[in-house]
Amino acid sequence: GGSVPASDKPSRPVATASASTAASKALPSKAGVYELLPGIYYEMIRIDKGTFLMGSKITNGHSSFYMNQPIHEVALGAYTIGKTEVSQEMWQAVMGNNPSEHKNPKNPVENVSWEDCQEFISKLNEKCGTRFRLPTEAEWEYAADARVSSNCDTYSGKTHLRNIAHRGSSTAPCGTYEASAVGLQDMTGNVAEWCEDYLGLYSPARQVDPRGPSKGYQRVVKGGSYKDDPEMMRNSFRGHMRAYDKAPTVGLRLVHDAK
């Protein structure tokens, strides 16, 4: 999934990020493949700074579409984001357990709450000397849009779901489907992904590196899962769950500040 079998030699240069080699050059703040733990690889894709239109143009359909509006301009700094979702083998290596319902080391971890994800990230950072975090909702949507403002109401990659998104009765191995224009896989489908932000109403005003409301009741979930309707898989759609809730349809993807 987000990792490469230890027996496979990664196709790109590998940097080691560990507590003993936490030099800035080893941090996943640049694009590349990183051996975070012995035999556990994770590839990061750089998203350059830019401005995009966040939100949805759709005014009918799913009952919560009103939360996706109004469209507003957002400016973001550069960051790196995982090419794939976090795999079960990566979670197991960090946490010592695998809570997933659809068990396969190469499939995305799921059945994890937002709070579980924070604990995982904290332990991963402690082990590796990194500063991983969940993406903000804006960072997630900008990366999913492939930095094209007109993509908000489509999917992350080609508009044909069958090419880019796993749908069915279970999850699929991370990175099975076509990559988007910026090289990301599974942003649409497979598992939906936790974001850092509380859910809140959008403002029409221009925003710079928005972090969402300072308080709230639910956290944002993006991308839709293997069992969701196509409307819920659009880049602009705003799923949401309580921070302590978990489901076999929801996992995570890592982000790191860029150099």
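Worth knowing before you read on, the calculation uses all heavy atoms, side chains too, and leaves out hydrogens, waters and symmetry mates.
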Looking at [Y], is its backbone amide N or carbonyl O close enough to the side chain of [X] to form a donor-acceptor pair, meaning the two atoms are under 3.5 Å apart?
X: T80; Y: I45; answer: no
X: Q88; Y: N104; answer: yes
X: W114; Y: V221; answer: no
X: N98; Y: K103; answer: no
X: D186; Y: C174; answer: no
X: K222; Y: F237; answer: yes
X: H102; Y: N107; answer: no
X: E119; Y: K123; answer: no

Rounded distance (nearest 0.5 Å) linking atom [atom1] of [X] with atom [atom2] of [Y]:
X: R131; Y: S29; atom1: CZ; atom2: OG; result: 7.5 Å
X: L36; Y: C128; atom1: CG; atom2: SG; result: 5.0 Å
X: D245; Y: H240; atom1: CG; atom2: NE2; result: 11.5 Å

Quick one: does [X]'s side chain get under 4.5 Å of [Y]'s, heavy atoms only?
X: I47; Y: I81; value: yes
X: F52; Y: E141; value: yes
X: M44; Y: K30; value: no
X: E137; Y: M54; value: yes
X: H72; Y: Q207; value: yes
X: P28; Y: T130; value: yes
X: K127; Y: L37; value: yes

Problem set entry | Exercise: do N190 and T171 side chains pair donor with acceptor under 3.5 Å | no

Exercise. Distance only, no hydrogens: is a donor on one side chain within 3.5 Å (strictly under) of an acceptor on the other, for N111 and S100?
Worked result: no

What I want to find out is whether [X] reaches [Y] closely enough, with some N-O distance under 4.0 Å, to be called a salt bridge.
X: R133; Y: E196; answer: no
X: D197; Y: R211; answer: no
X: R253; Y: E193; answer: yes

Problem set entry | side-chain contact (heavy atoms from CB on, under 4.5 Å) between K227 and T249, worked out | CA-CA 8 Å; K227 64 184 296 185; T249 54; 3.3 Å; yes

For this session: May I ask you to check if R238 and Y202 form a cation-pi contact, with NZ or CZ under 6.0 angstrom from the six-membered ring centre and within 45° of the axis?
Result: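 Judged by the rule, R238 and Y202 form a cation-pi pair.
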
Problem set entry | Pi-cation contact, Y198 with R219 (under 6.0 Å, within 45°) |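 That pair qualifies as a cation-pi contact.
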
For this session: For a side-chain contact (heavy atoms from CB on, under 4.5 Å) with W194, tell me which candidate from V220, D116, V250 qualifies.
Result: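 Among V220, D116, V250, the one that satisfies the side-chain contact (heavy atoms from CB on, under 4.5 Å) with W194 is V250.
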
Exercise. Looking only at heavy atoms, which two atoms of P99 and V112 are closest? And how far apart?
Worked result: CG-CG1, 3.5 Å

Exercise. Does the ring centre of Y42 sit less than 6.0 Å away from the ring centre of Y34?
Worked result: no

Exercise. Who are the side chain to side chain contact (heavy atoms under 4.5 Å, CB included) partners of F120, not counting sequence neighbours?
Worked result: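 Side chain to side chain contact (heavy atoms under 4.5 Å, CB included) list for F120, sorted by chain: V86, M90, W91, V94, M95, L124, L252, L254.
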
